[in-house]
Structures are given as C-alpha cells and as structure tokens.
**Student:** 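Submitted below is the structure of interest, expressed as structure tokens.
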Amino acid sequence: MPFDVICIAVIGKTNNPLYIKNCSRNAAYPDLKCHYIAHTAIDLVEEKISTTKQADQYLGLLYALEELAVFGYITNTRVKFIIVTSLTDAAIKDQEMKALFRKIHNAYVALVSNPFWDPDAQRVISSPNFDRAIAQVAAGSSS
Amino acid sequence: MHRGEMGDNKRVIITYSYGPDGEEGGVGNQFAEELESRLPLRNIAWHNPLGAIRGSTNSTARIIGTLDVELKRYSPEMFPRAMPGTLYHSPYFLHLYLVTTDDSEVYKATTRKQIQEWLNVVANKKNQEWLIVYLINPDSKGKSARFLGVGASSVFDKIKSDFSFKKERCIRMKLQNDAKDAEAWTDLTNHLKEGITSSLNQQILQYDEDTRRIDQQRLMPGWNYCQYFIMKEGLAYTFEFMNLLEEALLQYDELEASFFQTLAEQGAPWFAKFGGSEPDDDSASILDLQRKRYRDMIMQNTISIFDFRVYLFARQCQLLFRLGRPVAICQRAKMFINQFSRTIHENEASIWPFFRQAWMYSACIQVIGHCDELVAVSTQQQDFMAMYDGVKVDLLQCARFQLDNLGAACGVYPNMSNTINSSAIGPENNAQNGDVKESLAKITNIELRSSLQSSEAFDELYLRITSRAIRSCQGSNRPRTRRILSGDLANLHFARSRYAEAAAVWEPIVGQDEPWPFLDDLFAEKLAQCWKMLKDSDRYLKSCLHLVTCSTISAQDRVEYYVDELVSTSSQVAQVLEVSGVSILKLKTLRFINTIEDDGRCTVTLNVQNLVKEELNFDEVIAKVISTDGIEYACQAQSITLDPGTKDIQLSGQRLTISGTYVVDHVTCRIGKLRLVYHNLGSFHVTGGAVPFSISAGLPDQSLSRDSSSMLQVDIVTGSAALKQGTLALSAPTLSFPFLKSVLHRKSSMEDDASHIKECTIDTAENRIVLPSIDSLERLSFQIPFQDLAKGMESEHRVKFSLTYTTADGISHVWHESKTLNTSTALAISHVIVHNATSPVIRYTLTGKRPNPMRILGLNVSASGAVDPVPLSDVANTVLYYHQEMPVICYLRSKELADVKSTTSAETTTKVQLEISYQDLDAEITNFFLSSLEKLLAGTPMIQFSGFLIRYVCETLVPLVDVAQYALTDVANLPPFVTETVGHMLRSEQTETIAKIEEFLNLFHDRLKTSSGNDVRKSQKLRPRRISYQVESPVPKVLLAVEIRRIDAPDASGHLMIGQPLKCQLIVSPQRWDHDATDLPCFCEISADPESWVFSGKRKRKAILTGKEPAIFPFTIIPIRTGYTLMPSVVVDAAHAKVAIIYHTNSLGLTVRAPSFTTKTVSFAT
C-alpha cells in the first residue's frame, strides 16, 4: 500500500485505551503523540456517530493534520479502532483502509474469543498474538 | 475583506430602450421605474438543460427563489468589445424595447426604424433574448379610442408583422392604474422570466459545448488548461448570475478535480511558476479575489500555481459564503490549507524558508475571521454551532501549530516535549539562527511578526489562539481535544515558570472521569512539579501519592524519586492527609487471634502487598477493630518496612474480652502525616472472655433463714495476673440494685485463709463498684443488696456483669458477661417447741430447696437467757437432697442459778439460734477442681493460661460431673477430655496454643478421673456457707403442769372394773412462776369421752392460780366400756402469752375390765 501506518489504536467502549501501538520508526512521532491523536480521535468518532446515522462500521477519515491522516472504525460493541497514516501524494482509498480495519477487527475478534479475556476489565491488551497481528497489519500497509 | 469582496454580487442585466414616443411624458422612464419596483424577480422555474443531457435523474424544475435583476437603459456602446483570446461573460440576458405610440404614422415614420436599429444590435448578441413591449398608455388610450378606434392595436399588429418571429417576442401591456395592472405586470414578469431562462439555457448549452470541445482536445499538443478553466468558469459565472450557486460550485469542483487530473497526467507546463514570491503572499487574504487580477493572469497564462490555487479556493469560498455555509468553508479550508501546504513544502526551494508556516497561519486565521462574521449575522441552530465550533477547532489548532513552529524557529517558543505539536523544535545552532531571523523578517502578517519578537508577545498570541480553540472545543463538545489543548496551555505556562497558572490549568484536567492512564499520569507529573515549585506541600504530597502508583511511570529511578519525595513531603505537610483506598498497598486480613494467656493480646495478621516498586517505610500501622456493640479496639505495629511484593505483618492490641463478631473496620498506614486508610478488611468471630479472673455471684455465705433483706454476694477470683483497678456494674431485668454509697468487701488469698475486711467505695457517678487492686490468686468478696422485682415468683435471674479493669501492665479492658443466679435459699428450716417439766425441746426440720444436693457440715445451737441448748442430733457430714426433710432436735437445759443470775434480770426473752453450716456439692467439686488445677499449674508455664483454665473448670468441667452420683457414692467421676468441648472457646487461637491446652486438659482429666469424697473434702479451702435460724422465747414465765390424779388406789391388778367409780383430782400446779402477778386466772375444761365414761363433777371451772399452791379440782368418772380407755383430757387456758402448760396425763389411758364371772345367790324370804 502506498502509505505508512504510523499508529494503530484500539479504544474500549468506555473510551479507555486498550491498545496503542506506535508503528512509526520516525522519531518525530513519539508514543505521546500517538496517545494524543488517539485520545482526540474519540471526540471525532463520537461526533461522527452522533451526527450521522452510521450504518457502516468504517467511519472514514476523521481528520487530517499536515502530514497525518486519522481514520476510524467502530465495532458493534462500540470498540473503536484508529489508524493514523502518513499523508502521501496518492489518495488513500477507502477500500484499502477498510481492508486494514477488517484485519484489525479479525485480530480483535480472535482476542475476545479467548475465554480468559475479559472485555469489560478495561485491561490493556497484552496478548502476543494480537500484537503480532497488528504488527502484520502495520507492516503490510507499507509493503 | 468585506462582504463586498466575498459576496461580489453579479446581477443579471435587462436593458430597456424606447424611442421618442417613450420620451414623451416620461412614459418610458415611468415604465422603467415601475418595473424596477417590481424587482427582484421571484420564483423562477428552471430546468437544467445539462441535467437532461447528462441524464440527470433530477428532471424536476429548479425554482430560483429570487433573482436580482438590474435594469439598465440601453445604449449601443454598453457592450464591451470582446478582446481576442479572452472570454467575456456577458451579464446581459434580456433586452426590452418599449413602444408607447398609438399613432401608426409615427410608428411607420420613426419607431419602426428605431426598432430595427435596436434589433440589429441585440439580435446579433449571442445567447441574449429580446422583447418588444407595446405599452398602451391609459392617457393616450382615450385619445386613440376617440379618433382611431383600433389604432392602438394596429400599431401592435404592425409591430408583430414587421418583426415576426417564431417565438412571441412582442407583448402588449395595458396600464390602467387599477387592479388589472397587477395582472399586466405579472404577465410581463413571466415574459421576463421566460426570456431570462431562455437566455440562460442558451448560454449554458453554448458553454457546455465549448468546454466539452476543449476538454476533448486535452491530449492535443498545445492544449491549455487555463483556456479550459476560463471556459468552464464562464459557465460557473453564468450560474452565479442566475443565483444558481450550487451549480456554480459544482463547476469549480469539477475544475479542481480536472486540475489534479491534468497535473497528474501532464504536469503543469502552462503555469508560469510556483509563485508565492510576491510580497504579502504569505499574509494576504486567500479569500480576496480583488487582490490580484487573477482572471487576467489566467487568460494570459501568466498565473502561478500558488495564485491559481488561491483563486480557485477563493471562488469556491465565495460561493459557499453566498450559500451561507461557514462549516463547509472551514472544512474545505482545512483540507485545502493542509493539502496545499504540502505542495508548498515540495516547492520550498523557490520560496523563502518560513513562507509555508506564515501562509498557513494567516490562511487559517483569515478563514475563521470570515466565517465568524458570517455566523455572527445569521441565527443558527445549536447543532450547527457545535459543528462550526468543531471545524473551527481544527483550523485554530492548525494555526497554532504554525505559530509553534515559527516560535520555535526564532527561539521564543520554549522546547516542550509534552505538547501535541512536539515537532516544534528550535534551530540547532547559532549559524542557522541568522538565516532564520532573516527569513522570519519576511513575514508580512503583522500580528504574527510582532508575536515572534518577544516571548511575552508570543505567549499572548499563543494563549489567545489556544484559549479560543479551547472555547470552541467546549462549544463543539470535544472534551478530549480540549483537555489536550489545555495541557499545551499549561505546558507553556510551566515552561515560562508561571507555575500557579500552569497548576490552575492542569488541576481540573487531571483524573477525569474517563481514564486515559498515559495522559493522566503525564499531566499529574507536571502538576506535581508545579506544586513542588509553588511549595504547596499538601498538594504535592497528593500528587506524589498518585504518581507512585501510576502504571505508566515504569522507570525505576522515577518511582524511586517519587517515593523519596512522598516520604520527605509527608513529614513536611502542615495538615494530616488522610486518603483511603490508594492503590499503593493491597491489604488482606489473614488471621485474627485473641490469645488466651492471662497477659495475652489480640493479634491481627495482615497480608500486605506493596504495589510500588520501591521499599516503603511506614511509621505505624493501626487496625481499628469494632465489636458488634460498637466498641472500638486498636491493634498496631510500629516501624514497618515493606519491600515490593507481599509480606505478612502482625498488629497487636489489647485482648478482646467479649465474645462476638469483630469487624476489621479499617487499617491506617502512616508515613509522617500521610495516612493511607483501607476499609472493610473482613470480620471474624472471636471468643473473648479469656479474662484473668473468674467472677461469680450468689446468695451470701452467711444468711438468715426467713430474712427479708436480700443480699447478693459477688466473688472475684484472680488467676496468675493481678488487677490494678476496676469497676463493676451489675444489671438484670428482674432484679434492681439500689444505689449504694459504699460496700464492705473481703479479700482473701486463695493460698492461705488469712483474710481482712476493708471498706470499698462506690463510684457514685455511674453506680459502679470501684474495685480495689486484687493480687494474683486472690478472692475478693462483697455483698450488695438487691430487690427482687418478680417478688419471689422466680428464683433464677439473668444478671449481666460489666467489668472494666486494668491489668498490671496498665492496659484497661472491658468485659461483660451474663450469668444466671439462683436467689432462692438453699435450706428451709421450721421448728416446733415441746415443753416438759424439766426443760423444753425444740424440734427443727431442715428441707433441701436446691436441685443439687448439699452437704450439712455441722450445726451449732446457741441461746441467750437462762437456757443452755443441747443438740441431740448429729447431722455433720450428712447429705441433704432436694425436698428431703431432716429433723434436728435440741433440748434446752435450764442453766444453773448462778449462771442465770449472771445474765441480766431485765432479759426476759430467750433466743435460741440454730446455725447450720453447709456446702453445695457442686461448689465443693468446683473448689476441688480449682485447687487441683492450681496445684497442677504451680510452677509450670501453663500458668499463663490460668484465666482460661479457671473459666473452663467453672463453666465446662463442673457440669460434666454428676453431683447426685457423687452425693450417693461419695466418688466424683470426671469423664475423659473431649476436644470439642474447648473448640469453641479456642476458636480464635493459635494452633500451638490449642495443642498445649489440649495436652494439659488431657492430663488434668486423667488425673482427676476418679476422686473420693475424702480427697474432695480435704482440699476444701472454701468457707462453708452458713444459714442461721432463730427461735424466740422458748422458755415460758409461767409453766403449769396439768395432771389428773386418781385418788382411790386401784386394785392389785391395777385394772378398773366397768361401772366402778373412779375418784380423780385435776391438779394444776405451777412449776415455774416468774410472773410478776401473784395470781393468774385460768380456765380448765375436762372433756371425757361420753361413750367411755360417765362423768360426775364440774367439767368447766375457773381457777385463780397463785403460783404457790396447786389448784385441785376433784371429780369422779365411771367407765362404761371395757378395754383400753383414754383418761379424760384437760385443756387449761391461762389466757396469757407467757404461760406454757404441760399436760402430763392427756394421753394416759387405763384398761377397764368387766367384773369377774361369780355367782351370787340371793334368797328372798316369803
């Protein structure tokens, strides 16, 4: 894909951070920035789902900074996925973005299917499988 | 930029023209004014011809609400000459020609020609419509009617025939200044509308055709985008003329899309350069269309990319502005600025270094400024405002980022790593610094440039923009963005050492409802630094407390630092800080042990998990334990060190004396003035009562039978521990204890019998008996009066003992227990006195009143007065059972005269007192066991459990022994020890102690398996209980002996014959006469059985006794029945209290015989 994924965030239904992965190798994007972006993205996700009758789980572009674009996705259980990408010359196609989100969703479903995982515990995701799946998503996007 | 710039209103122009006939009387002018007053045109129906062509599904007519139309007087010069290579967008849509003359001659002569000239010009105009209006002047109408009849219509007809076209281009209007006028005007405006739309459609189709043609040539060499742009823009303009703004906007959107397409396909060879190099380019309004001659530049192919993009965007905004859509403007602006900034970035070589930032900043601020103006004049819904605030936030944020970057470049923005825009970092060296300053000097935005001059000015602008963004966040309900922006604001304050301001911003955003640990902790850490700088120890302590527990600070040195800070600050703070449930520690109560040693303590074992990755030193840990009665106890430990991980700590406190459920209400861990409180640590059932003494109560040892004043004797027996002081209160529902001032108490050692009596005072305030100090192994007894509220109906009473005491170690305890007391007397005693000539005899009857048998240890009869009691029964060591009666006989021997004299003569009454000493058998056994226990305990370490063991003996062991069996067999059997019997008493005890106790009790039971009565009695150190019984005056003052004496001697056989008279005397002889009176009247009555005797003489008599001589009354009786016959009985009534009478013969009898059978012959002489 023609863009780099800088950050992937999973946010719980009570807007608690479940997983923040900084995929960037650029020092200009410290973890803190990922947290800032993921945190503020909740505002936009909420705005989006309250103003529009959202039928699709994919929320599209939430906002774009100078060099970053933030995309959102919400599951039926109100878990939010956020992908932050670098902006490139080529437009990012929704279809590609949806495919990425679908992969994250599948990884999350696999995680939740673990009977020992309590989705209401507000615990940060520490599953190595999930970590691996997200790393694949991030790596796959730039390849 | 003013509204004029933005809302550059282009209007459709309708021209009008008229000849000299129109000039006449100003009819033409009047018509123009009339028409103008009816403008603008409303509700124009329009079908988009392109829509039909492009297969648009929206085939319904668009209604143009209002259309501003400008009315202009026609002149042939009004049409500008089209320059080659340019495209003129004609605002002219419709041309009117007015004909007012009704004179055919005039028409023929001049008007027709004029019309023809006019038509030559206007009909040649492309895509413009024309219309001839034949105006019938009402004034002239009269004239024509008068002279020409149909003259007016003939002119109209002529016009029609002269300028005949397929379309109706000639209309007749009759103005009569009445209601019909409106109709005529409506008709005219309809024609106008029709004309305008017709012209419009022609233009649209023309443009469309042209643009499509050019578009098709796109790949031809020499094709120019600018040409295409101008052509398509013409269409957009046309739409705009017609107020069809959305259609116009669509054209621009298509243009923008095709721009990118051609840019991608062919690059941009037709743009001269990138641009942006002109002065003011960085700060001039991007919405100002008048700033440069953009269109000309496009047409001349001299426009730069920068200008072109700005122009395109400004046009889009202009249309949106007219549509009243500030949100859309901001959204597009956001997209455009971000997108174009990247283009600028790519072309940075051709412009000065900070152009991009300066341009972005200015662009954002300008767009917001314009939209704010638009919003201010329109009334909008709340939802709309929220949306607007939302997009505004993004723009303001974008502007601020640029400000950050510029500020960082010129060194007025402090390097802050914690802001959202962390990439804003200053120049690396001074060499660069000079270049930077030079570049920054090129910034033309005055506000921006001045803000970069000094830190103060920068801060002012930074705070203003950020605050504005924060306000907008509030309006758009974006709490999280607001939080982040507030954090940035505080960061700046912090970097500028304005700690109070920074803290004021951070404080409300730390620890919000919605947790985001990473950010929460970041803010908390900064806030802590503020408090430290502000020397606000209290708040700093709170912050440190939060920080040592937060999960995101994982670096060991940071944790270590905050733990050290926590400890040092906790001693500095002015006020005690108490916080509950802080996740520094995790506490769990493991065990709750109430030891049964005499000096035992209550121990709470806590499992403490130190969640901090550092060692923590607590000055004190206190657990508050609350009983079900609400009494609080404390267990504590000092100087506790907790390493990371789990540790068990023991807190000890005074022993719990009362059994029940205890709740570990809270545990307070103290470091300096910081108190960490943890609540609800479980509840435990505790067996209390392992007091180092035993308390019992009952009727006094010494009591009088038939005593009405009731006393209760309380005994306190201590074990190995002494009591320093204490107070005792008794209460019972069925008994009342009157208020006392003092009681006497007796203290005796358990080891020797030496006892002493001492006065003990009562605490009058609370009616509690203040106990003296009691040494170890001592017995304290005292008696207190009570009243039986049940008035003897019940003998068993439940009494609650409530004792507060202080042990030798100075710790005070509270203990209370309820016991059942039996207040009935152990023995009932009654008596009968029997007098005789020598001395009276008292016959006592003892009756057992208690279910448990008792042992009569002995009796003692004492008397006052002239008698000396001599007991005749030996009852020592006999057992009296329940309801058993036991007679005790005692005769009262008269004392010798000398002895009598020694007593006072005044003492006339004599009292005989019987004192029975006895012992309850259960008490005997208890005592035996206790003394055995004492012997076993002496010198062993088990003595520390003496309190518990004494209690065990009294409450558990004694009830196991069958007292009745012991009474009968004189052998006390103790069943073997069963563990369960002590189980509940040792429930809250350590297992080692339980094992020790069980071992000891096994031995104890084994030793005392069988004990003989002798052993039991031998060990008795108990004072026997005594009960006294008093009999008054058993010796009378006057003792009379009453006797019936036979005078005649019986025959040799001593038998009396039936029918044989028997002479008798009733002799009442005074045996003793201590009476003061010399004579005493008395009544005698002899009663003889009439079936046995025939009585002769006085049956009843009155006699005066003198005390010296006996009174003798003779009488005769004859027996009339054989067999043993009782002598007549006598009753003497002396009618005096102090007279006792002895009847010697009342039960005397004799045998009456029939006469022996002899024959006696009696001869009668004849």
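What's counted below: heavy atoms across the whole structure, side chains too, no hydrogens, waters or symmetry copies. Keep in mind that what you see is a predicted model, and the values were worked out from it rather than measured. Residue numbers begin at 1 in each chain, while the letters A, B, ... track the order of the sequences.
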**Student:** Any non-hydrogen side-chain atom of B:Thr481 less than 4.5 Å from a side-chain atom of A:Tyr63?
**Tutor:** no
**Student:** I need the B:Arg483 CZ to A:Tyr36 OH distance, nearest 0.5 Å.
**Tutor:** 10.0 Å
**Student:** Please round to the nearest 0.5 Å and tell me the distance separating atom NE2 of A:His39 and atom CD1 of B:Ile484.
**Tutor:** 5.0 Å
**Student:** Hey, which of A:Thr14, A:Ile11, A:Asn15, A:Asn16 has the most heavy atom pairs under 4.5 Å with chain B?
**Tutor:** A:Asn15
**Student:** In chain order, what residues pass the side-chain contact (heavy atoms from CB on, under 4.5 Å) check against A:Thr75, with sequence neighbours excluded?
**Tutor:** A:Tyr73, A:Thr77, A:Val79, A:Phe81, A:His105
**Student:** Name all pairs fulfilling the salt bridge (charged side-chain N to carboxylate O under 4.0 Å, His left out) condition that reach into residues 6-22 of chain A, sequence neighbours left out, sorted by first residue then second.
**Tutor:**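 Sorted pair list: A:Lys13-A:Asp120.
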**Student:** If you take all heavy atoms of A:Ile20 and B:Trp516, which pair is closest and at what distance?
**Tutor:** CD1-CZ2, 3.6 Å
**Student:** Checking salt bridge (Lys or Arg N to Asp or Glu O under 4.0 Å) between A:Asp43 and each of B:Arg480, B:Arg482, B:Arg478, which is the one that passes?
**Tutor:**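 Of the listed residues B:Arg480, B:Arg482, B:Arg478, the salt bridge (Lys or Arg N to Asp or Glu O under 4.0 Å) partner of A:Asp43 is B:Arg480.
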**Student:** Check whether A:Ala38 gets within reach of chain B through its side chain, its backbone, both or neither, counting any heavy atom under 4.5 Å.
**Tutor:** both
**Student:** Within the distance-only criterion (no hydrogens, no angle test), does the side chain of B:Asn338 pair as donor or acceptor with the backbone N or O of A:Ala64 below 3.5 angstrom?
**Tutor:**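 Yes, the answer is positive, given that a donor and an acceptor are paired below the 3.5 Å cut-off.
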**Student:** For B:Gln402, which atoms come within 4.5 Å of any heavy atom of chain A: side chain, backbone, both, or neither?
**Tutor:** side chain
**Student:** Check the orientation of A:His35 and B:Phe518. Use parallel for under 30°, tilted for 30 to 60°, and perpendicular for over 60°.
**Tutor:** parallel
